[in-house]
Amino acid sequence: MDPQELLSLCRRRGFLWPAYDIYGGLAGFYDYGPLGSLLKNNIESHWRKLYVFEEGLHELVCPIIAPEPVFKASGHLDAFADMYAECRQCGESHRADHLADGLHENPAALSEEELGRILEENAVKCPACKGDLSPPRRFNLMFKTSVGAGSAKAGYMRPETAQGMFVNFPQIYRHGREKLPVGAVQIGRAFRNEISPRQGVLRLREFSQMEAEVFFHPERKTWPRFDKVKHEVLPLVPNDGSPAALSLAEAVSSKVIANEALAYFIWLTHRFAIDVGLDPERIRFRQHEKDEMAHYAAECWDLEAETAYGWVELVGIADRGCYDVQAHLKHSGADLTAFERFDEPREVVSEEVKPKYDAMGGQFKGKTKALAERLSALAPDVVRGKSEIVVEVDDERFAVPSTCFEVVTRTEKAAGEKFVPHVIEPSYGVDRILYSVLEHAYRKKDDYLTLTLRGIMAPIKAGVFPLMPKDSMDRIALEVYDVLVAEGISAHYDESGSIGRRYARMDEVGTPCCITVDHQTVEDGTVTIRDRDSKEQARIGVDEVVRWVRSVVKGDSPGPDGGFETAEKRGN
RNA sequence: GCGGCUGUAGUCUAGCGGUUAGGACUGAAGCUUCCCAAGCUUUAAGCCCGGGUUCAAAUCCCGGCAGCCGCACCA
């Protein structure tokens with residue numbers, strides 16, 4: 001299919017449109033229209049149902065803007081930027097760190113100045129035309145802003161929602177009653193100043209993420225419900241090229257997937273993908289190549305969907321190790337560790353050098369305190385068996401005899417230990433998921449368009465029509481509509497044009513069923529209810545409508561009690 | 001960011017220096033005992049923005065913006 005056809009449907013029917021259109025637009029920014037907003041909400045609600053309600057992770061809403069140190073610590077300030085050198089002759093720009101490959105161990109880690117010097121010293125020229133290059137210039141993908149007036153602080157728009165959860169680890173940990181694993185989730189906007197956004201909503205500069213950060217003991221990366229799913233076989237594409245028709249348990253035991261927790265969230269992501277209506281035949285989990293991983297990741301699997309643009313990454317499930325928490329611990333000085341009790345308090349036996357102050361005092365006078373401190377800092381093995389130790393204090397060397405210190409054994413009881421938790425992060429791109437859901441639901445038959453959205457995803461759950469807006473059919477139809485809306489079901493009333501046109505309008509936006517009030521309704525209180533995909537109709541009582549629509553929306557069957565009446569069942 | 005192509009109602013499109021800028025679908029109002037985009041009447045809605053050339057620009061030129069395709073990029 002041509003993605004332009006789908007994007008034109010999206011514009012026409014109020015799913016998506018380019019933002020700021022009357023001012024010429026702004027590349028990389030889209031508006032969600034009325035139906036797009038409903039669909040986006042449905043995707044997010046279902047994700048929340050899985051991650052918050054079922055898995056018990058804690059939802060946060062953190063600010064979009066963060067002060068510079070946050071991204072200094074996370075590595076985004078340095079690693080989230082590329083350096084470019086432009087050719088003065090042909091104008092082509094090149095990745096400056098790539099040009100220095102082989103000239104330095106790790107060109108990407110250099111500053112602009114250092115890299116520029118290396119390129120100059122080695123007389124590196126433009127690979128395209130051999131022209132002279134400009135000095136490297138750093139382009140950071142984060143949007144920068146300033147916070148406050150006057151001596152304003154530098155702030156950045158978050159490039160992922162994740163950092164807000166890492167910096168809140170102590171609060172999350174406490175809220176989770178100090179047990180691991182514990183996790184936080186966040187649904188919100190993130191910003192990346194992409195160099196060339198394109199392909200509709202697949203690469204936006206402002207986009208929505210649904211992220212979970214799940215904190216683990218480094219040696220126990222498993223999940224309580226893993227056992228329930230361990231025999232499932234998912235479409236895995238490991239990075240060693242082996243096609244893996246393995247169950248999750250086999251994949252973990254053969255090290256194809258690093259741990260059970262990662263495997264569980266791959267399963268959960270698969271379930272989510274199926275629930276929102278992605279085609280099972282057009283999704284897969286691809287393991288990142290070693291050189292493909294983000295600066296923080298130790299292991300990563302992507303959920304990819306096949307679209308008109310090729311295989312597109314919708315979800316990244318990464319084992320971030322302790323990278324982020326460790327980084328914030330180091331930069332902020334805050335205690336971001338978790339504590340684990342030992343089963344039994346353990347005796348921790350340690351040796352240390354203990355100065356004998358009474359022996360030292362007379363000999364070293366005012367230097368005693370400083371000398372004692374130096375001695376305590378020494379490793380026991382350094383002093384053991386020595387008759388004297390030479391210690392330097394204030395540029396003066398002192399020979400301290402062994403009578404002035406001893407090696408003592410200290411036994412302490414430890415109830416447990418502190419450690420920096422590891423993080424497994426499922427990170428979902430809402431806009432890409434939404435696009436893929438639409439594309440996988442897109443059906444075109446003789447110019448008749450239908451979105452076969454699943455009931456839980458459909459922006460409108462039911463269309464309600466009078467066959468004709470007269471003879472009290474319109475009044476009854478409005479009553480049916482009111483009942484549905486009162487039940488919290490999004491419905492759409494339409495009395496204009498022919499009945500076929502109204503069905504078509506609903507089919508095109510993926511409404512799973514339509515209820516029509518006709519002459520017979522006036523006589524016996526029954527209505528027809530029509531199924532979008534089969535176009536079959538059933539005749540049911542007005543009082544059954546809510547129950548029927550609910551059942552259709554749940555998506556398991558085309559209606560209760562055996563579903564729609566087919567031509568076969570009618571006997572013709 | 002570089003190069004190529006493109007920009008006409010909500011959507012698809014005709015136009016190729018002088019047009020009241022035409023059509024189709026869609027939308028709206030109405031008619032039609034109307035169950036799968038039927039028909040009829042009425043109606044709304046457009047030359048991406050800015051400059052230039054010309055007596056005259058949707059049309060030619062330049063710049064910007066946006067879209068598509070390649071390259072690069074996608075932490």
Side-chain angles (χ1 to χ4, degrees), chain A residues 2-5 7-14 17-29 33 71 74-87 90-95 98 108 126-129 137 139-142 159-160 162 190 192-200 202-205 207 288 292-297 300 302 309 312-313 316 318 427 429 432 446-450 463 465-471 473 495-508 514-520 522 527-532 534-537 539:
Chain A
D2 180 1
Q4 293 312 309
E5 278 181 20
L7 287 173
S8 121
L9 184 152
C10 287
R11 273 198 295 275
R12 210 169 61 238
R13 303 311 306 267
W17 51 70
Y20 310 112
D21 202 37
I22 65 167
Y23 287 104
L26 187 60
F29 297 86
F71 296 117
S74 71
H76 287 92
L77 213 49
D78 299 320
F80 199 55
D82 294 322
M83 283 179 287
Y84 290 89
E86 229 170 78
C87 174
C90 69
E92 187 77 23
S93 70
H94 305 276
R95 279 286 292 273
H98 290 180
C126 170
C129 73
R137 182 164 56 75
F139 179 74
N140 195 295
L141 259 36
M142 286 192 294
E160 55 173 11
R192 296 177 193 181
N193 201 357
E194 295 284 355
I195 294 170
S196 73
R198 229 184 270 177
Q199 303 183 318
L202 294 188
R203 261 173 78 195
L204 295 173
R205 287 179 165 139
F207 56 100
H288 274 210
E292 188 186 354
M293 240 100 62
H295 64 272
Y296 49 71
C300 189
D302 282 350
Y309 297 107
V312 174
E313 174 195 346
S427 171
R432 291 176 166 198
D446 304 328
D447 288 328
Y448 191 96
L449 301 181
T450 305
F465 318 136
L467 186 59
M468 285 164 283
K470 56 190 277 190
D471 300 338
M473 287 184 275
E495 59 173 40
S496 83
S498 71
I499 190 74
R501 177 178 305 240
R502 285 176 263 161
Y503 286 144
R505 278 198 278 250
M506 289 291 95
D507 287 345
E508 201 179 42
C514 293
I515 294 130
T516 300
V517 171
D518 57 13
H519 296 101
Q520 197 181 328
V522 182
V527 295
T528 64
I529 183 161
R530 167 191 179 268
D531 174 61
R532 175 194 64 208
S534 65
K535 313 249 188 291
E536 284 159 9
Q537 289 187 3
R539 182 163 278 280

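Here is the naming used below: chain letters follow the sequence lines, and residue numbers restart at 1 for every chain.
Atom OH in Y503(A) sits about 11 Å away from atom C1' in C34(B), given to the nearest Å. Summarising the geometry, the separation between NZ on K535(A) and C1' on A37(B) is reported as 11 Å, rounded to the nearest angstrom. Rounded to whole Å, atom C1' of C74(B) lies 13 Å from atom CG of L204(A). L449(A) has its CG atom 13 Å from the P atom of C12(B), to the nearest Å. One can place NZ of K470(A) at 6 Å from P of U32(B), the figure rounded to the nearest angstrom. Nucleotide U32(B) holds its P atom 14 Å from the CG atom of L467(A), rounded to whole Å. The distance from atom CG of D2(A) to atom C1' of U11(B) is 14 Å, rounded to the nearest whole Å. With rounding to whole Å, E495(A) atom CD is found 20 Å from C36(B) atom P.
Rounded to the nearest Å, the gap between the C1' atom of U19(B) and that of A29(B) is 30 Å. Rounded to whole Å, the C1' atom of U11(B) lies 14 Å from the corresponding atom of A37(B). Only the P atoms considered, U32(B) is 47 Å distant from G50(B), to the nearest whole Å.
With hydrogens and angles ignored, the 3.5 Å screen pairs a side-chain donor or acceptor of R205(A) with a backbone N or O of E194(A). Listed for the R198(A) side chain is no donor-acceptor partner under 3.5 Å among the backbone atoms of R203(A). Panel note: side chain D471(A), backbone M473(A); no donor-acceptor pair is recorded below 3.5 Å.
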Under 3.5 Å, N/O pairs linking protein and nucleotides 63-65 of chain B:
from: C65(B); atom 1: O2'; to: G24(A); atom 2: O; distance (Å): 2.8

I'd like a list of close polar pairs between nucleotides 22-26 of chain B and the protein, N/O only, cut-off under 3.5 Å.
from: U26(B); atom 1: OP1; to: R501(A); atom 2: NH1; distance (Å): 3.2

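Side chain of R11(A), nearest nucleotide from C36(B), C73(B), C12(B): C12(B). Here the side chain of E194(A) is nearest to one of C74(B), C34(B), A37(B), namely C74(B). When distances run from any side-chain atom of E508(A) to the nucleotides A37(B), C74(B), C34(B), the shortest one goes to A37(B). Picking from U11(B), A37(B), C35(B) the nucleotide with the shortest atom distance to the side chain of S8(A) gives U11(B). Closest to the side chain of R198(A), out of C36(B), G70(B), C34(B), is G70(B). Residue T516(A) has its side chain nearest to C35(B) when only C36(B), C35(B), C34(B) are considered. Here the side chain of S196(A) is nearest to one of C35(B), C68(B), A72(B), namely A72(B).
Residue Q537(A) places a side-chain atom within donor-acceptor reach of the base of C35(B), judged by atom type and a 3.5 Å distance cut-off alone. Between the base of C36(B) and the side chain of R530(A) there is a donor-acceptor pair shorter than 3.5 Å.
Contact annotation: S498(A) reaches the phosphate of A38(B) (side-chain N/O to OP1 or OP2, under 4.0 Å).
Both Q4(A) and G500(A) lie near RNA chain B, and the one whose nearest nucleotide falls closer to the 5' end is G500(A). The residue among G200(A) and R13(A) whose nearest nucleotide of RNA chain B is located toward the 5' end is R13(A).
When the options R13(A), R502(A), R501(A), K535(A) are evaluated for a salt bridge (charged side-chain N to carboxylate O under 4.0 Å, His left out) with D507(A), the one that passes is K535(A).
For Y309(A), the ring pair (Phe, Tyr, Trp, His ring centres under 6.0 Å) partners at least two apart in sequence or on another chain are Y435(A).
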